[in-house]
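The next block holds one structure in the form of structure tokens; read it before the comments.
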There are 2 protein chains.
Amino acid sequence: MPQVPPSSREKILSVAEALFARRGYTGVGISTVAEASGLGKSSLFHHFPSKASLYCAVLLGVLARIESRVLPALEKSGTSEQKLGNVVDALIDALAEHPTSARLLLREVFEEPDPALSAAPEAAEIDARLAGMIDGVAAILEAGVASGQFRKVGIPDLLQTIIGATVYHFASGDFGEKLLGASLFSAAAVARRKREVKTLLSNGLMPEARRSVAEES
Amino acid sequence: MPQVPPSSREKILSVAEALFARRGYTGVGISTVAEASGLGKSSLFHHFPSKASLYCAVLLGVLARIESRVLPALEKSGTSEQKLGNVVDALIDALAEHPTSARLLLREVFEEPDPALSAAPEAAEIDARLAGMIDGVAAILEAGVASGQFRKVGIPDLLQTIIGATVYHFASGDFGEKLLGASLFSAAAVARRKREVKTLLSNGLMPEARRSVAEES
DNA sequence: ACCTTACCCGACCGATCGATCGGTCGACAA
DNA sequence: TTGTCGACCGATCGATCGGTCGGGTAAGGT
């Protein structure tokens, strides 16, 4: 299927992903996407039936790329700690490989969706894909608690921390590079990020977690 | 100055903050804000000269609340580690006290601003306030490195982690509560978040940082 | 030769956007 | 009573939104 010259549909998708990631769903008009794709506005509606459908197609592509990394990691065997580490590595690799995906994902998770978007027929599949990956991680955590490898802990908080630290890291790439003067996408930065997240996990999950900060209240 | 019945201007500001935080600048129309405030659309323009000005007023209010907590913490004396800890506590307290502020701030940091917004006269002051707080934290980090308390480290990465973990924690409150079934704003959750961030800081900043995860590459 | 299919375009539609207009109302002062 | 003011409103503006329509062009099958 893949063609050497990118087809119009693929061109539209990549352009739309970059625009939606930066300015959000309501912030990008159809005509803007069309112009950036080198097409007329009406030509867009030949490939996608509506703006909401276009956005969902972009998001499904992002999810597919992430799943292609995360799902294999979910199925690899090992201790709960190893499995969780593999998933974290896969997620970080997927986000580092495609930084705009992180922005889109961050928006999808913390932003109230546009009414037109939640009414789209693809919305259910998007929710299912997201829930599938979340459930996969939750299953690892629960298995770890059941086998005694992990101590019982506030799983929501921990997921927030993981998602927050990793996704936000890549989502704010421009901010980090412009204001702070360093690349967040270099191999060294990605490797450091993996270690940081795993340190966070150890401190939060391991039964004999050493406390490096005094406990209060 | 404060009146027992909230003035129209304050009512508009609080309503607009909630709406902008959830749906973004382009996602909220003037008529929506007016209707939610119990006013006619044209009455909004009596209090604010433009939509961009209204958004900036909301954002400046958020920044003022955060500054009222963070700036005193920046001026307290102590070791670099203590000062950094105070700032982190102040930031977390400010965000926990006003969760919608976190959403607005997250959006402001990682989202490309609308052209109408960057052209607003208040934009310069907003940037200055943000840069002021960032510079204050950076100064603490640099002083710590100069005095040998902190090891030289990728400050951008570290700031990303802190901002990501804290801001995202509160920005995605609804997500956490609805999908994962726990409150992120309870006193216990806030205290746990403070410890997590400080653990992260210790691991990233201290010269004798113990590594709990094997180093790679 | 003809028809189909895919792809693309300019012109256009109703709805909504941010913003402006002229004007109403009550409070207060002279 | 008259004048002035801030607060507020309905009606309306031009621009833009997402989306439709009919027509055009090139390729391929028969």
Side-chain angles (χ1 to χ4, degrees), chain A residues 1-17 19-20 22-59 111-123, chain B residues 1-17 19-20 22-59 111-123:
Chain A
M1 299 322 165
Q3 295 159 324
V4 184
S7 74
S8 289
R9 183 186 163 92
E10 290 167 354
K11 173 79 174 177
I12 294 171
L13 281 175
S14 79
V15 162
E17 178 177 339
L19 286 172
F20 282 140
R22 287 179 190 278
R23 291 187 260 185
Y25 180 73
T26 55
V28 179
I30 289 283
S31 54
T32 305
V33 179
E35 192 175 346
S37 305
L39 289 179
K41 185 174 66 164
S42 4
S43 303
L44 274 192
F45 288 94
H46 176 76
H47 299 274
F48 301 94
S50 69
K51 183 191 181 187
S53 183
L54 167 61
Y55 183 86
C56 289
V58 168
L59 200 57
E111 192 158 311
E112 178 174 293
D114 192 275
L117 272 180
S118 19
E122 299 92 337
Chain B
M1 298 319 165
Q3 295 158 325
V4 184
S7 75
S8 288
R9 182 185 164 92
E10 291 168 354
K11 172 79 173 178
I12 293 171
L13 281 175
S14 79
V15 163
E17 178 177 338
L19 286 172
F20 283 140
R22 287 180 189 277
R23 292 188 250 177
Y25 179 73
T26 54
V28 179
I30 289 283
S31 53
T32 305
V33 179
E35 192 176 344
S37 305
L39 290 179
K41 186 170 64 166
S42 25
S43 303
L44 276 194
F45 289 95
H46 178 75
H47 297 276
F48 301 94
S50 69
K51 184 192 181 186
S53 183
L54 167 61
Y55 184 86
C56 289
V58 168
L59 199 57
E111 192 158 313
E112 179 174 292
D114 192 274
L117 271 180
S118 18
E122 300 92 336

I need the [X] [atom1] to [Y] [atom2] distance, nearest 0.5 Å.
X	Y	atom1	atom2	result
A/Y55	A/L117	OH	CG	6.5 Å
A/Y25	A/L54	OH	CG	8.5 Å
B/L13	B/F20	CG	CZ	10.0 Å

List the steps and the verdict of side chain to side chain contact (heavy atoms under 4.5 Å, CB included) for A/S14 and A/E17. CA-CA 5 Å; A/S14 79; A/E17 178 177 339; 5.7 Å; no
Using residues 29-49 of chain A as the side-chain source, report each donor-acceptor pair under 3.5 Å to any protein atom, sequence neighbours left out, with the distance given to one decimal.
| from | atom 1 | to | atom 2 | distance (Å) |
| --- | --- | --- | --- | --- |
| A/S37 | OG | A/V33 | O | 2.7 |

In chain order, what residues pass the side chain to side chain contact (heavy atoms under 4.5 Å, CB included) check against B/A120, with sequence neighbours excluded? B/A52, B/C56, B/E122
Report, one pair per line, the protein and nucleotides 4-8 of chain C atoms (nitrogen or oxygen only) whose separation is under 3.5 Å.
| from | atom 1 | to | atom 2 | distance (Å) |
| --- | --- | --- | --- | --- |
| C/dC8 | OP1 | A/S8 | OG | 2.7 |
| C/dC8 | OP2 | A/H47 | NE2 | 2.7 |

Distances under 3.5 Å between nitrogen or oxygen atoms of protein and nucleotides 23-27 of chain C:
none

Under 3.5 Å, which protein N or O atoms sit close to an N or O of nucleotides 15-19 of chain C? Give each pair with its distance.
| from | atom 1 | to | atom 2 | distance (Å) |
| --- | --- | --- | --- | --- |
| C/dG18 | OP1 | B/V28 | O | 3.4 |
| C/dG18 | OP1 | B/K51 | NZ | 2.7 |
| C/dG18 | OP2 | B/I30 | N | 2.8 |
| C/dA19 | OP2 | B/K51 | N | 2.7 |
| C/dA19 | N6 | B/K41 | NZ | 2.8 |

One pair to check against side chain to side chain contact (heavy atoms under 4.5 Å, CB included): A/T26 and B/V28. What are the steps and the verdict? CA-CA 9 Å; A/T26 55; B/V28 179; over 6 Å; no
For B/E112, which residues count as a salt bridge (Lys or Arg N to Asp or Glu O under 4.0 Å) partner, sequence neighbours excluded? A/R23
